[in-house]
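The structure appears right after this line, and notes come after that.
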Amino acid sequence: MIHDTICRLCSSCCPIQAQVEDGRLVAAWRKSFLEPDQRLVCPKLRHAPDIVYSEQRLTSPLIREADGSFREAGWDEALDRVVALMNRHKQASGPQSVAWLRGMAADWGAPWDYPNRLMHCFGSPNTIGNGSICFVARDFAHSYTYGSMAFPEAKNAKCIIVWGKNDGNTVLGAAEGIAHAQANGATLIVVDPVRTRLAARADIWLQIKPGHDALLAMAMIHEIVAQGWYDTEFIERYTLGFDTLKAVAAHYSPEAVAEAIWLTVEQIREVARIYATTRPASIVDGNGLDMHREVFDSTRTVAMLRAISGNLDIQGGDVLPQAVAVRNIQLKDRLPAGVEPITRDYPLFNSFSETWGNQVQGCVINALLDQDPYPLKMVVVQSANPLVTMADSARTREAFEAVESLVVIDIFMTETARLAEVVLPAASCFEKTQLNRSSIRNNPVILQNEVIEPLHDSWPDWKIVFELGRRLGFSEEFPWQSAEEAINYQLEPTGITVASLRGNPNGLRLEELRYKKYEQDGFSTPSGKVEFCSERLAAGGFAATPLEQGMGTSPISFADRADEFPLIGISGGRDTRFTNSQFFTIAKLREKGPGCCVDLHPEDATGLGISQGDPVAIVTPKGKVEMEARLSTVVRSGSIRLAWGWGDYRPQSGLNLLTEDEVRGAVTGTSTSRSFMCRLEPQRN
Ligand SMILES: Nc1nc2c(c(=O)[nH]1)N[C@H]1C(S)=C(S)[C@@H](COP(=O)(O)OP(=O)(O)OC[C@H]3O[C@@H](n4cnc5c(=O)[nH]c(N)nc54)[C@H](O)[C@@H]3O)O[C@H]1N2
Ligand SMILES: Nc1nc2c(c(=O)[nH]1)N[C@H]1C(S)=C(S)[C@@H](COP(=O)(O)OP(=O)(O)OC[C@H]3O[C@@H](n4cnc5c(=O)[nH]c(N)nc54)[C@H](O)[C@@H]3O)O[C@H]1N2
Ligand code: SF4
Ligand SMILES: [Mo]
């Protein structure tokens with residue numbers, strides 16, 4: 001049997017087909033607009049059966065014994081234990097002392113609403129996501145500029161700037177779109193401190209200094225303004241504050257910034273010219289811009305480039321989504337008045353989107369260790385591995401060791417789960433039905449289908465949340481016995497149902513694809529226009545226009561200690577075989593490529609006496625990790641690229657042992673876990 005569904009082994013959410021024989025997943029492959037022989041093959045998906053049937057899967061709920069060991073338990077006992085813990089802390093310290101932390105795999109949008117609903121009924125405002133380090137901070141920046149996140153339609157573009165994104169490794173569908181456009185003659189520009197495969201294929205590669213993207217974007221705006229290449233009509237009719245933007249950009253000429261960002265004046269001018277004079281042009285912005293404390297400024301500036309060049313919401317440009325009006329099921333009005341979330345220092349970020357809510361993950365650590373702004377007593381971690389993925393692993397570990405009660409919902413045993421009092425085994429993405437995340441953000445609505453039954457004694461996340469809800473006394477709020485019932489309830493205002501989605505496996509479009517929607521609807525900002533200057537930000541005490549107060553201190557962590565730590569470390573190198581901290585235990589995936597490597601320039605290697613394959617230590621003021629040296633000119637001398645994600649499988653190689661969470665962006669609470677000053681030490685005896 002072949003089933004249509006969505007893969008959630010990473011956040012790309014590819015539409016796929018899965019082959020199931022005798023109730024067993026035997027193979028799966030991506031769907032694509034390209035002919036089968038031209039499609040990119042995803043190793044994770046190809047090895048989906050090895051992942052799903054891995055012997056490392058959690059098979060039953062686990063409860064910690066007095067002697068520290070885990071014992072297997074039934075769901076009744078495990079859930080009752082979780083409920084007892086939640087109620088105990090609620091009684092002793094108030095409902096807000098319990099937090100729910102969710103990670104990348106918890107799916108976004110629709111399924112994220114369930115724990116929100118649960119926690120709101122329970123009385124805690126502390127459902128916390130990881131958006132401060134993933135793309136939600138960027139979503140926020142786009143939203144404050146033109147109302148919602150814009151999605152590049154690179155496939156139909158004539159000029160593409162891939163800016164801090166490595167789609168060939170991370171978002172295969174998008175990489176196929178870029179390749180298609182290139183084959184049709186599009187010019188490809190890549191902005192990345194590392195020569196990725198995409199950069200190697202580009203017409204122009206800008207090897208920018210890590211963390212300095214805001215300056216490049218503003219210098220491009222400067223050049224576009226100086227040359228009069230901007231879209232006068234669009235700016236006059238649909239934007240606010242262009243004069244302010246021009247005044248800020250005046251300080252950032254290509255001459256003024258080029259050297260500081262490792263580029264030449266000519267490079268900046270040329271890229272500005274090609275981008276502004278080629279229509280349609282699309283900017284594929286990515287996670288290389290996130291995880292810097294400047295993310296809000298850099299991504300707002302990039303968003304403004306799209307607007308001044310007239311590429312917003314046109315075919316082949318950057319398209320604004322046609323959101324699907326599903327029912328809001330979060331029940332936020334059930335929260336008691338006056339209880340603020342632990343993320344209260346980031347009020348704009350907390351409230352910019354109904355869907356996202358609180359997204360500054362680091363606040364969990366502040367609350368656990370510093371009782372700031374108040375103490376947390378219990379954390380439920382769903383589909384996240386904060387001990388590996390949050391900045392400053394040593395401090396994160398300290399916090400999770402200190403918390404009174406920790407519950408982890410995961411499909412595998414992880415560094416984080418090892419500290420838990422109760423571990424609940426979740427079903428994998430092939431074993432559960434849910435609305436695909438993009439569905440409530442944009443058309444078309446696609447269903448992720450259960451293609452095999454939950455393995456062992458695992459439960460789908462929705463069932464765990466609903467059952468917890470009922471046991472906490474919220475039977476009325478959680479009446480659903482199946483995912484289908486809950487999804488139908490949420491979809492009701494749209495007129496579509498699970499049944500109609502199953503009849504349309506490639507998705508249902510609620511309305512025709514439309515471009516230039518702003519001509520009728522305006523933009524979803526307070527002024528209804530693209531805002532180059534934001535009163536909301538000014539009222540909050542922040543820069544109304546990015547960079548109007550300058551760059552401030554260096555965007556690279558530990559820059560003030562460059563004497564001892566002379567190299568710039570770049571966290572990157574997402575490998576197609578792994579997702580963040582996941583899948584390193586799958587031997588067939590591990591064997592398919594290199595191990596845990598740090599890329600360093602041969603000149604730096606010679607200077608340090610390091611040879612290819614040597615074990616090396618990478619050190620920052622925070623800690624030390626071990627990796628294997630790979631000599632390579634993909635990085636510029638003076639910078640190194642570190643492998644990402646190995647910390648669960650090889651704790652001594654966990655990149656976030658090197659990063660800090662002390663200096664955060666004021667608006668999004670993002671710290672710089674992307675780039676940091678470090679040094680290399682040979683490890684030979
Ligand atoms: N195989 C695989 N796929 C994944 C994931 C995975 O771990 N593995 N993770 C998923 C998740 S959670 C996400 S958010 C996405 C992320 O996917 P992408 O958005 O593609 O992000 P990355 O691959 O982390 O980084 C993109 C590029 O940014 C570059 N970069 C680093 N610092 C800077 C900088 O300061 N400026 C610029 N301009 N570029 C910089 C890096 O060198 C890298 O080539 O991928 C998803 N897909
Ligand atoms: N220095 C540095 N730090 C980073 C990054 C970086 O590039 N550099 N990347 C950042 C980014 S973009 C992100 S998104 C975060 C990711 O941070 P996390 O979300 O913490 O990372 P993952 O390793 O993807 O962890 C997901 C966990 O969910 C489990 N899981 C998978 N599927 C399911 C499921 O269906 N249900 C449940 N309950 N569990 C499931 C997996 O086994 C895994 O343990 O890390 C961030 N941290
Ligand atoms: S890129 Fe691979 S792992 Fe990620 S969703 Fe697509 S098929 Fe799945
Ligand atoms: Mo992410």
Side-chain angles (χ1 to χ4, degrees), residues 5-18 28-32 39-48 51 103-105 108 129-138 161-176 190-199 205-217 261-262 284-292 294-295 298-299 302 384 389 429-430 436-437 448 555-556 568-584 589 599 634-635 639 641-645 672-676:
T5 185
I6 298 287
C7 175
R8 280 285 299 148
L9 294 177
C10 85
S11 50
S12 303
C13 302
C14 295
I16 60 160
Q17 290 192 312
W29 54 89
R30 298 175 53 250
K31 297 190 220 171
S32 161
R39 290 179 197 174
L40 292 174
V41 173
C42 173
K44 298 185 286 306
L45 186 62
R46 175 169 272 184
H47 287 282
I51 293 170
M104 197 283 299
W108 294 310
N130 68 358
S132 54
I133 50 173
C134 189
F135 77 95
V136 183
R138 186 161 25 110
I161 304 186
V162 174
W163 204 318
K165 200 144 195 272
N166 192 11
D167 281 328
N169 285 23
T170 54
V171 188
L172 301 190
E176 288 176 341
V190 171
V191 185
D192 199 308
V194 179
R195 196 179 67 237
T196 57
R197 273 183 295 161
L198 214 53
W205 167 43
L206 297 186
Q207 189 173 26
I208 192 167
K209 184 169 185 182
H212 289 70
D213 300 271
L215 292 179
L216 171 61
I261 65 174
W262 290 355
V284 183
D285 54 343
N287 209 217
L289 299 173
D290 308 330
M291 278 181 269
H292 294 283
E294 286 69 25
V295 55
S298 64
T299 50
V302 169
T389 55
C429 61
F430 303 98
N436 180 28
R437 76 159 157 133
Q448 176 187 321
I556 300 174
I568 299 178
I570 303 167
S571 163
R574 280 175 205 273
D575 190 304
T576 31
R577 297 168 294 159
F578 312 116
T579 300
N580 301 316
S581 72
Q582 303 181 61
F583 313 134
F584 291 86
L589 282 172
D599 292 301
V634 297
V635 288
S639 61
R641 175 179 64 172
L642 292 90
W644 162 235
T672 297
S673 40
R674 257 298 176 196
S675 43
F676 39 83

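Atoms within a ligand are numbered from 1 in the order they appear, just like the ligands themselves.
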Exercise for the section: Determine yes or no for a side-chain-to-main-chain donor-acceptor pair under 3.5 angstrom, with R674 supplying the side chain and N287 the backbone. Expected result: yes
Fill in the blank from the handout: Taking only non-hydrogen atoms of D575 and a 4.0 Å limit, the atoms of ligand 1 in range are 1 (N), 2 (C), 8 (N)
Completion exercise
Heavy-atom proximity to atom 30 (N) of ligand 1, picking from G288, G286, C13, points to G288
Practice task
Give a yes or no on whether the backbone of D285 and the side-chain of R138 come within a donor-acceptor separation of less than 3.5 Å.
Solution key: yes
Problem - Closest protein heavy atom to atom 6 (Fe) of ligand 3, given as residue, atom name and distance to 0.1 Å - result: C14 SG, 2.3 Å
Exercise for the section: Could you check atom 3 (S) of ligand 3 against the protein and tell me its nearest heavy-atom contact, residue, atom and distance included? Expected result: K44 CE, 3.2 Å
Fill in the blank from the handout: Here the pair of heavy atoms bringing I51 nearest to L9 is CD1-CD1, 4.0 Å
Problem - D167 N/O under 3.5 Å from ligand 1 N/O - result: no
Completion exercise
On a heavy-atom basis, the closest approach of P193 and Q207 is O-NE2, 3.1 Å
Problem - Main-chain N/O of Q582 paired to N580 side chain as donor or acceptor, under 3.5 Å - result: no
Practice task
For I133 and D290, work out which heavy atoms get closest and say how close.
Solution key: O-CB, 3.9 Å
Practice task
Give a yes or no on whether R46 atom CZ has more than 12 heavy-atom contacts from other residues, nucleotides or ligands under 6.0 Å away.
Solution key: no
Fill in the blank from the handout: Output for pair (S298 OG, H292 NE2), nearest 0.5 Å, gives 7.0 Å
Fill in the blank from the handout: The protein heavy atom nearest to atom 2 (Fe) of ligand 3 is C42 SG, 2.3 Å
Practice task
Look only at interatomic distance and state if W644 has a nitrogen or oxygen under 3.5 Å from any nitrogen or oxygen of ligand 1.
Solution key: no
Handout entry: Heavy atom of S675, distance to ligand 1 below 4.0 Å
Key = no
Problem - Per-atom contacts of ligand 3 with R30, taking only distances under 4.0 Å to non-hydrogen atoms - result: 7 (S)
Fill in the blank from the handout: Judged by heavy atoms only, the candidate from P193, G211, P210 nearest atom 40 (C) of ligand 1 is P193
Problem - K209 N/O under 3.5 Å from ligand 1 N/O - result: no
Handout entry: Pairwise side-chain contact, F583 with D575, heavy-atom cut-off 4.5 Å (strictly under)
Key = no
Exercise for the section: Taking only heavy atoms of N169 into account, list the atoms of ligand 1 that are under 4.0 Å away from them. Expected result: 1 (N), 2 (C), 3 (N)
Handout entry: Close N or O approach (L289, ligand 1; < 3.5 Å)
Key = no
Exercise for the section: Out of V194, N287, T672, D192, indicate the one that has the non-hydrogen atom closest to atom 41 (C) of ligand 1. Expected result: D192
Exercise for the section: Show which atoms of ligand 1 fall inside a sub-4.0 Å distance from at least one heavy-atom site of T196. Expected result: 44 (O)
Problem - Best match, D167, L9, L45, T170: closest heavy atom to atom 7 (S) of ligand 3 - result: L45
Handout entry: Donor-acceptor contact present, side-chain R641 to main-chain D599, <3.5 Å
Key = no
Practice task
With heavy atoms of W163 as the reference, note each atom of ligand 1 found under 4.0 Å away.
Solution key: 38 (N)
Exercise for the section: May I ask you to list the atoms of ligand 1 that are less than 4.0 angstrom from any heavy atom of H292? Expected result: 34 (C), 35 (O)
Handout entry: Interfacing atoms of ligand 3 (cut-off 4.0 Å, heavy-atom, C13)
Key = 5 (S)
Practice task
Run the numbers for me: atoms of ligand 1, each under 4.0 Å from some heavy atom of C134, listed by number.
Solution key: 14 (S)
Problem - Ligand-residue contact atoms, ligand 1 with S11, heavy atoms, under 4.0 Å - result: 10 (C), 11 (C), 12 (S), 13 (C), 46 (C)
Completion exercise
Rounded to the nearest 0.5 Å, the CD1 atom of I556 sits from the CD1 atom of I568 at a distance of 4.0 Å
Practice task
For ligand 1, find out whether one of its N or O atoms is nearer than 3.5 Å to an N or O atom of S12.
Solution key: no
Practice task
Could you list the atoms of ligand 1 found under 4.0 angstrom from a heavy atom of T576?
Solution key: 1 (N)
Exercise for the section: Output yes if C10 passes the N/O/S-under-2.8 Å test against atom 4 (Fe) of ligand 3; output no otherwise. Expected result: yes
Problem - Closest approach of any protein heavy atom to atom 8 (Fe) of ligand 3, naming residue and atom - result: C7 SG, 2.3 Å
Handout entry: Heavy-atom donor-acceptor pair, E176 side chain to L40 backbone, under 3.5 Å
Key = yes
Practice task
Give yes if a backbone or side-chain nitrogen or oxygen of D213 is under 3.5 Å from a nitrogen or oxygen of ligand 1, and no if not.
Solution key: yes
Practice task
Compute the shortest N/O to N/O distance between F578 and ligand 1 and return yes if it is under 3.5 Å, no if not.
Solution key: yes
Problem - side chain to side chain contact (heavy atoms under 4.5 Å, CB included) partner of V284, chosen from I161, V171, D167, L198 - result: D167
Completion exercise
When rounded to the nearest 0.5 Å, the distance separating CD1 of I261 from NE2 of H212 is 8.5 Å
